There are 4 protein chains.
Amino acid sequence: MPAANSQPRRARSGNRRDEAARLAVLHAADDLLVERGFGNLTVEAIARRAGVAKQTIYRWWPSKVEILLDTLIEDTEKRLPMLTERTTAESIRGYLLGFARFLTGDPAGKILLALIAEAQHDPGTAESLHKRYLGPRRDQERDMLVRAIDAGEVSPRLDPDATIDALVGPIVYRALTGSSIPSGLVDTLVADLLLPR
Amino acid sequence: MPAANSQPRRARSGNRRDEAARLAVLHAADDLLVERGFGNLTVEAIARRAGVAKQTIYRWWPSKVEILLDTLIEDTEKRLPMLTERTTAESIRGYLLGFARFLTGDPAGKILLALIAEAQHDPGTAESLHKRYLGPRRDQERDMLVRAIDAGEVSPRLDPDATIDALVGPIVYRALTGSSIPSGLVDTLVADLLLPR
Amino acid sequence: MPAANSQPRRARSGNRRDEAARLAVLHAADDLLVERGFGNLTVEAIARRAGVAKQTIYRWWPSKVEILLDTLIEDTEKRLPMLTERTTAESIRGYLLGFARFLTGDPAGKILLALIAEAQHDPGTAESLHKRYLGPRRDQERDMLVRAIDAGEVSPRLDPDATIDALVGPIVYRALTGSSIPSGLVDTLVADLLLPR
Amino acid sequence: MPAANSQPRRARSGNRRDEAARLAVLHAADDLLVERGFGNLTVEAIARRAGVAKQTIYRWWPSKVEILLDTLIEDTEKRLPMLTERTTAESIRGYLLGFARFLTGDPAGKILLALIAEAQHDPGTAESLHKRYLGPRRDQERDMLVRAIDAGEVSPRLDPDATIDALVGPIVYRALTGSSIPSGLVDTLVADLLLPR
DNA sequence: AGTTAAACGAGACGGTACGTCACGTCTTGAA
DNA sequence: TTCAAGACGTGACGTACCGTCTCGTTTAACT
């Protein structure tokens, strides 16, 4: 067994999309958002930090928002799993606590907040955010809730979507206003809104 | 022969601050936000629209965010009055419905949403927004709620601030995500979170 | 007899240089120069127009200037023949008129003007242009003139190279400045500069 | 008490055009053209070298060609004076020698050659060059020649414009091809083309 | 009544980032 | 080995706004 790969360096892409460049961009955007904030997040800075040409970014992403969405989607899948099994009030409480931790403690949570914010400034962002993130996620959450209702585990007074907004809204709002999210808040929301009176 | 003002023009101020210019800036900012969105709201565009020199803006406002805050504060006082008299579950319900209408229907509501958004991108905005708007307003809301609790009109399970977030959060969240706010949502929030089980 | 060459297409070369590709590049460059001007002549446009990969161009030509030189040389040989027989004042006059027509009327004349121009901007172009075109051509012209002098047909007051510049310079200069070249100009140049006083 | 003005610094423009910036741009363009050649002359490099913002250049000049034209016109007036008095064959000879020296020895001469070149690549340049430089200059030269003809000092066989092209063309052509311009060439052109046979 | 000082419109200035274009180099996979 | 295809790092393009800075004018308040 001789030598083998003396200088690995970078694989240099050639004809195909360069996966290393893709990841470098996603990580650079994530890092810069956390370090410098969205207001200082520029495409040029991402390119600089990622060691990538600006054109490489524009070739694959129509805007920095889509970069963040890509990161957000990948990270959410890894770090904020949906409930797939039997759903109870208790497991929903666990999901909401996980979501609160995600929003306030995880870098990806900052991305979500930044995108919700940017969606207020730019209709294109709003559309992408709904189509690629909020919509699909909401579909899974609604499913989760409906399964619990059908099983008789919970009995909300509102339709499923309004119920989810009533549960998630306070968590998001406190995150947006920089407040912490005490577990007692989540407990009471679940108790008051989901359980029979 | 008196003749009198051939060209009235504008009553050029001279030594004192020009109130007409101040109002022109506030209205220009408001109009542009509604027409073009925050993303297209620039100081240069405000100056252009207001017929004012850029320097006149920078002389009186440190940033466009403060312009919007000025407008927001004035408009909120006019169009979203606080409860000053006896507070009941019913009057809180009315206040929340008014707040929902303000957020989704009033141009000033768009300003508040834009500022909450911008606060995610820029710490200075966050500080100003809390100090000049969210903080004072929250003080009044807390007062309002405490008066109702003391009078035995409502009995929330959470401390006052968390209670208000639980009531207001879903409304803000639906406004941020572009959903309408059905009155049934407000009714149920009040019933489930404020009234005794 | 079945099938047989279903798609003749292009006789894709495989191992050897593809002559069709070479010609496609030369013609594309020529056409684009005439249609769009040198300022809009890019390697990418040539490749696009020729239906050829960019790398195929870079494999065979160090720069777009060399492409144009190849075209220019081929076209000059075809369309601007040198005098090979006996040379007289009259035949030199004919050569100069042909040169004037070439410069102002022939697409290849535009190439020569473009290359003389580009040589002012880039030393590499200047070197190539002299080595591959102007130098050899000047050698033939000098020969032509010297033969006429030796035969007593003409008697210029200047050395051969300066004489040729004095004859050719006005023609090139008028072409460069977009003027036409009246035959009277050529006649007078020959009469005043070549014939005895 | 003499002294005064402790820190002159830069006058900082304010409302009016900044003359220092204008001159810095003209000189930077001139210097860069001579040092690096037209091919390496970019607006960004001019701005960098002049210590000026790119926008300041675009505010006043539509292209780098116009910058060079400004420099060329100013320098030509200073360093290549027209004949204003009585014109003779001898004074025309002097003018042509001065022109030859200007073209080959003066930095501004390089600018003229570069602009003649660029005019081949871009029609806008051609138009500007003619309107702002070649045209007016030619008017003066024609005047000069006609005065000499009317005074009986010279008797060209061609119309004035063609005569000037016949005199100037060889000089420009040799400059374009990088040759020197021996004074004998000018002498012979004047003798053969302007003096009676 | 004459002087002073602030506010105003206008807009030039040095900057940063935008999104696009073409450069010349590289790699893949088919012929 | 050549070719079509096309991704890549590089760097300039011309534009939009940023926030700062005079300039010359206007006018209220203070000598």
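For clarity, every value in this text was computed on a predicted model and none was experimentally measured. Here is the naming used below: chain letters follow the sequence lines, and residue numbers restart at 1 for every chain. Just the heavy atoms: all of them, side chains too, but no hydrogens, waters or symmetry mates, feed the values below.
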message: I'd like to check the side-chain contact (heavy atoms from CB on, under 4.5 Å) partners of N40(B); sequence neighbours left out, ordered by chain and number.
response: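 side-chain contact (heavy atoms from CB on, under 4.5 Å) list for N40(B), sorted by chain: R36(B).
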
task: Name all residues meeting the side-chain contact (heavy atoms from CB on, under 4.5 Å) criterion together with A53(D); count only those two or more places apart in sequence or in a different chain, and write none if there are none.
output: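 If we apply the side-chain contact (heavy atoms from CB on, under 4.5 Å) test to A53(D), skipping adjacent residues, the hits are T56(D).
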
- prompt: Near DNA chain F, under 4.0 Å by heavy atom, which residues of residues 40-49 of chain D?
  reply: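 Those residues are T42(D), V43(D), E44(D).
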
Close side-chain approach of [X] to [Y], heavy-atom, < 4.5 Å:
| X | Y | value |
| --- | --- | --- |
| Y133(A) | I73(A) | yes |
| V34(D) | D30(D) | yes |
| V43(B) | W61(B) | no |

field: W60(A) six-ring centre to R17(A) NZ/CZ under 6.0 Å and within 45° of normal
entry: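 Yes.
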
query: Where do E35(D) and R49(D) land on the salt bridge (Lys or Arg N to Asp or Glu O under 4.0 Å) test, with the steps shown first?
result: CA-CA 12 Å; E35(D) 285 172 28; R49(D) 167 77 77 112; 2.6 Å; yes

query: By side chain to side chain donor-acceptor pair (under 3.5 Å), which residues pair with K110(B), not counting sequence neighbours?
result: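 K110(B) satisfies side chain to side chain donor-acceptor pair (under 3.5 Å) with no other residue.
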
Looking at [options], which one has an atom nearest to any side-chain atom of [X]?
| X | options | value |
| --- | --- | --- |
| N15(D) | dG11(E), dT20(E), dC8(F) | dG11(E) |
| A21(A) | dC8(F), dT20(F), dT10(F) | dC8(F) |
| R16(A) | dT20(E), dA5(F), dG29(E) | dG29(E) |

field: Distance test, side-chain N/O of T56(D) to OP1/OP2 of dA12(E), below 4.0 Å
entry: no

Give the rounded distance in Å between these two atoms: [atom1] of [X] and [atom2] of [N].
| X | N | atom1 | atom2 | result |
| --- | --- | --- | --- | --- |
| E19(D) | dA12(E) | CD | C1' | 14 Å |
| Q55(D) | dA16(F) | CD | C1' | 8 Å |
| I57(C) | dA4(F) | CD1 | C1' | 12 Å |
| D18(B) | dA5(E) | CG | C1' | 17 Å |
| D122(B) | dG19(F) | CG | P | 11 Å |
| K54(B) | dA12(E) | NZ | P | 11 Å |

Counterpart residues, salt bridge (charged side-chain N to carboxylate O under 4.0 Å, His left out), relative to R132(C) (two or more places apart):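 Partners of R132(C) under the salt bridge (charged side-chain N to carboxylate O under 4.0 Å, His left out) test: E66(C), D70(C).
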
task: Tell me which residues in residues 58-73 of chain C put a heavy atom below 4.0 Å from DNA chain E, sorted by number, or none.
output: Y58(C)

